[in-house]
Engineer: 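Let me give you the structure first, and then I'll get to my questions.
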Amino acid sequence: MRRTGPKTLAPALEALEQRFGRLDAIKKRIANHHIETPSWAYGDSGTRFGVFKQAGVPRNTFEKMEDAGAVHKFTGVASSVAIHIPWDKVDDFSALSEYAQEQGVRIGAINPNVFQDQAYKLGSLTNEDPSIRQKALDHILDCIEIGKTVDSKLLSLWFADGTNYPGQGDFRRRKQYLLENLTTVYKALPADMRMLLEYKFFEPAWYHTDLADWGMSYAFCRHLGEQAQVLVDLGHHPLATNIEHIVAFLIDEGKLGGFHLNDKKYADDDVSVASFNPYQMFLIYNELAAAEDDPAAQDNIAYMIDQSHNIKPKIEEMIQSVVACQVQYAKALLVDRAALTEAQKNGDVVRAEEILKEAYQTDVSPLLAQVRMEMGVDPDPIIAFRESGYSEKVARERQGEGAVTPGG
Ligand code: PSV
Ligand code: MN
């Protein structure tokens, strides 16, 4: 890692301006591109084979807010934190919210957890036992109340519900249970809170999951109403799925609620966003940037990281991930949209692809460094964080067991 030198910055920016133009507008958009970090990625986590403990990890939700505050301080764009209940349950959520604000962040999406309790072995909202369906429903309704207390605008739902063996469950009956319960949840939402509905085609259920793909989430959201939108977790698709197409489709329907950003190699590995497949991330951002240019397209998309870092230092990886998003977003903003449309209309396949590659292959680090300096943030977030001594400080101060969360 090398420090950005001010001498090299000016000529690099000039060259970018000459080649692409619009740099001032692009800088503004990068500075306004907000990325939420998840509380659960700050605690110790692992795989089903074990958890590797790290020094200085937060021991409670308040300390998770401190670490999220550090990520925001060094990136300037990560000003909110998603919480997961009961992992982040505290006695006083107003106090948590105030504490978060003192750390420079606010509480973002509320994630109910209806997958860990022993009662949910055969499902939560889809369970054949009405008392278990009610228990899951009550928990989600409680989470809406927590959301109101901390002034969150997002209820983010993921269900582990599914079956492991043929014959285990009745698909249609389970679908009906889910719709009935989600309708109750939907009706309890305050007018300014959105419900984001996440899907996943496998795990922990192996035979079927009740919300297996974006189309199923979309169908439920259509039934529920405007405040219900689909959440795309980048790790929740079969290999080779064209995620950018899903994204474009959902935007066009006004139904893209947001993202759980991460990357994957095999399954839901939850590795750092854009670490394996940066071009895919660029192509996703390309759809998003194109929609931002279209005044008729929806503009309320939530960008949330959902990762599980079991071998990288937590805060550094979170900073790295935020920066990785910025890199692909910045590249997507460089795409010459007018030229691309023209090439598409003329059937010029090679030119169209080259326009994307020209943007993708451009080094945007001087642009990001400049944006950061204008925001009053160090141009090199990871280096600056390392130099700050924060990790050493919390390792000294936080003695005792760190919080453990099962995964991301
Ligand atoms: C499930 O794999 C998931 O992506 C959901 O978003 C959960 O809330 C999160 O991971 C944490 O387990
Ligand atoms: Mn997720």
Side-chain angles (χ1 to χ4, degrees), residues 35-48 51 61 64 68 80-89 107-117 120 123-125 136 139-140 143 146-147 152 154-162 182 185 194-206 208-214 216-217 220 229-238 241 243 246-247 250 256-273 281 284 301-310 314 317-318 321 325 403-408:
I35 295 160
E36 182 161 304
T37 70
S39 69
W40 54 98
Y42 294 108
D44 277 324
S45 61
T47 66
R48 63 201 162 98
V51 171
T61 307
K64 291 178 191 172
S80 68
V81 194
I83 59 171
H84 220 295
I85 311 294
W87 298 338
D88 293 315
K89 197 160 173 30
I107 296 176
I110 313 293
N111 291 252
N113 179 327
V114 286
F115 48 86
Q116 249 189 311
D117 194 284
Y120 302 135
S124 63
L125 292 186
H139 172 67
I140 298 172
C143 286
I146 293 171
S152 167
L154 294 174
L155 178 74
S156 188
L157 298 177
W158 173 68
F159 298 95
D161 290 46
L182 286 179
V185 173
R194 283 184 291 150
M195 174 202 284
L196 307 186
L197 201 53
E198 187 173 354
Y199 56 89
K200 186 175 190 178
F201 78 113
F202 81 113
E203 196 196 48
W206 305 113
H208 104 285
T209 48
D210 289 285
L211 280 171
D213 63 24
W214 70 271
M216 292 187 195
S217 284
F220 275 94
Q229 294 176 317
V230 179
L231 189 150
V232 177
D233 183 313
L234 300 180
H236 291 190
H237 307 89
T241 300
I243 303 175
I246 297 171
V247 166
L250 289 173
L256 180 64
F259 288 94
H260 271 178
L261 302 157
N262 51 48
D263 204 349
K264 73 177 213 171
K265 178 74 177 162
Y266 301 103
D268 189 23
D269 319 337
D270 277 318
V271 290
S272 318
V273 58
M281 198 63 231
I284 292 170
I301 298 161
Y303 294 85
M304 302 170 285
I305 289 175
D306 179 12
Q307 294 174 179
S308 171
H309 318 148
N310 43 14
K314 311 283 169 184
E317 203 219 10
M318 201 52 81
S321 302
C325 291
V404 178
T405 45

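Hydrogens, waters and symmetry mates play no part in the numbers below; they use all other heavy atoms, side chains included. Ligands are counted one by one from 1 in listed order, and the atoms in each one are counted from 1 as well.
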Engineer: Is there a nitrogen or oxygen of Lys200 sitting under 3.5 Å from a nitrogen or oxygen of ligand 1?
Structural biologist: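 N/O-N/O distance under 3.5 Å: yes.
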Engineer: Rounded to the nearest 0.5 Å, what separation is found between the CG atom of Asp233 and the NZ atom of Lys264?
Structural biologist: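 That separation rounds to 9.5 Å.
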Engineer: So Asn111 and Trp87, do their side chains get closer than 4.5 Å, heavy atoms only?
Structural biologist: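 Answer no - side chains too far apart.
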Engineer: Look at His236 and state whether any of its N, O or S atoms is less than 2.8 Å from the Mn ion (ligand 2).
Structural biologist: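 Coordinating: no.
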Engineer: Which of parallel (below 30°), tilted (30 to 60°) and perpendicular (above 60°) describes His236 and Trp158?
Structural biologist: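 The arrangement is tilted - the two ring planes meet at 30° to 60°.
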Engineer: Can you name the atoms of ligand 1, numbered from 1 with element, that are less than 4.0 Å from a heavy atom of Trp87?
Structural biologist: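 So the answer, numbered in order with elements, is 12 (O).
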Engineer: What about Trp158: any of its N or O atoms under 3.5 Å from an N or O on ligand 1?
Structural biologist: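 No, since none of the N or O atoms of Trp158 sits under 3.5 Å from an N or O of ligand 1.
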Engineer: With heavy-atom distances below 4.0 Å as the criterion, list the atoms of ligand 1 near His84.
Structural biologist: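 Taking each heavy atom of His84 in turn, ligand 1 has 7 (C), 8 (O), 11 (C) under 4.0 Å.
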Engineer: Test of geometry: compute the angle ND1(His260)-the Mn ion (ligand 2)-OE2(Glu198) and round it to 10°.
Structural biologist: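 Computed angle, vertex at the Mn ion (ligand 2), rounded to 10 degrees: 100°.
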Engineer: Which ligand 1 atoms, with their elements, are less than 4.0 angstrom from a heavy-atom of Asp268?
Structural biologist: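 Ligand 1 atoms under the 4.0 Å threshold to Asp268: 2 (O).
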Engineer: Any side-chain heavy atom of Ser45 within less than 4.5 Å of one from Lys314?
Structural biologist: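 The answer is yes; the side chains approach within 4.5 Å.
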Engineer: Could you list which atoms of ligand 1 come closer than 4.0 Å to a heavy atom of His260?
Structural biologist: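 Every atom of ligand 1 under 4.0 Å from some heavy atom of His260: 6 (O).
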Engineer: Nearest 10° is fine: what angle sits at the Mn ion (ligand 2) between OD2 from Asp306 and OD2 from Asp233?
Structural biologist: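 The two atoms form an angle at the metal of about 90°.
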Engineer: Tell me the contacting part of Asp306 for ligand 1: side chain, backbone, both, or neither, using a 4.0 Å heavy-atom threshold, strictly below.
Structural biologist: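 Side chain only; the backbone of Asp306 stays clear of ligand 1.
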Engineer: Do Lys64 and Ile83 come close enough that some side-chain heavy atom pair is under 4.5 Å?
Structural biologist: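 Side-chain contact under 4.5 Å: no.
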Engineer: Below 4.5 Å, heavy atoms only, C-beta onward: do Leu256 and Val232 meet side chain to side chain?
Structural biologist: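 Of all side-chain heavy-atom pairs linking Val232 with Leu256, at least one is under 4.5 Å.
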Engineer: For ligand 1, is there an N or O atom under 3.5 Å from any N or O atom of Trp40?
Structural biologist: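 Checking ligand 1 against Trp40, no N or O pair falls under 3.5 Å apart.
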Engineer: Can you list the ligand 1 atoms lying under 4.0 Å from a non-hydrogen atom of Glu198?
Structural biologist: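 Within the 4.0 Å cut-off of Glu198, ligand 1 contributes 3 (C), 4 (O), 5 (C), 6 (O).
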Engineer: CD1 of Ile243 to CZ of Phe259: how many Å apart, nearest 0.5 Å?
Structural biologist: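 Going from the CD1 atom of Ile243 to the CZ atom of Phe259 covers 9.0 Å.
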Engineer: Would you check if the distance from the ring center of Phe159 to the ring center of His139 is below 6.0 Å?
Structural biologist: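 Ring-ring flag for Phe159/His139: false, centres at least 6.0 Å apart.
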